[in-house]
Amino acid sequence: WCRAEQVCHSMRNGTEGMYLAVDKVEPIVKVKNDHFEESLHVFEGELTCCRLEHKGMGACDRQSLVIPLLGLYGELFRAAYDG
């Protein structure tokens, strides 16, 4: 999953039901809470559009992520405020 997907899913649903494919010996392990620490830095990731220098693209994916992430923030803020 990309950072945006990881952070959105974990913030909306928690990490209790999330697993990580590791190797053949231990095929899946439960995701630890600190696993997503780096994922929280959504806008610092290496995006394919930037690597391709935005050729043939209308906008950078960072710009496209602003509104959905603001919406998620608003939902979480409201949920925390409403209790």
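Numbers here simply count residues along the sequence, with the first being 1. Predicted model only: the values in this text are computed from it and were never measured.
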For residues 65-74, which residue pairs pass the salt bridge (Lys or Arg N to Asp or Glu O under 4.0 Å) check, not counting sequence neighbours? none
If a pair satisfies salt bridge (Lys or Arg N to Asp or Glu O under 4.0 Å) and one of its residues is in residues 29-49, list it, with sequence neighbours excluded. Arg3-Glu38
Any pair with a residue in residues 11-23 that passes side-chain hydrogen bond (donor to acceptor under 3.5 Å, both in side chains), sequence neighbours left out, goes on the list, sorted by first then second residue, please.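 Passing the test, one end in residues 11-23: His9-Asn13, Arg12-Glu75, Thr15-Asn33.
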For Val31, check side-chain contact (heavy atoms from CB on, under 4.5 Å) against everything at least two apart and list the hits. Met18, Leu20, His35, Phe36
Does Leu76 have any side-chain contact (heavy atoms from CB on, under 4.5 Å) partners at least two apart in sequence or in another chain, and if so, which?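 Leu76 satisfies side-chain contact (heavy atoms from CB on, under 4.5 Å) with Met11, Leu72 once adjacent residues are dropped.
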Heavy-atom donor-acceptor pair, Arg62 side chain to Gly45 backbone, under 3.5 Å: yes
Any chain of hydrophobic side-chain contacts (each under 4.5 Å) joining Leu40 to Leu65?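 Yes; Leu65 is reachable from Leu40 via cluster members.
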Would a single hydrophobic cluster contain both Phe43 and Leu70, if residues Ile, Leu, Val, Met, Phe, Trp and Tyr are joined by side-chain heavy-atom contacts under 4.5 Å?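 In one cluster with Leu70: Phe43, yes.
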Show, in sequence, the C-alpha distance, side-chain angles and deciding distance for Leu69 and Val42, and conclude whether the side chain to side chain contact (heavy atoms under 4.5 Å, CB included) test is met. CA-CA 9 Å; Leu69 289 175; Val42 174; 3.7 Å; yes
Each residue besides Val25 in its hydrophobic cluster should be listed here, by chain and number; the cluster joins Ile, Leu, Val, Met, Phe, Trp and Tyr at side-chain heavy-atom distances under 4.5 Å. none
Sequence neighbours left out, cut at 3.5 Å: what donor-acceptor pairs do the side chains of residues 48-61 make with other protein atoms?
none

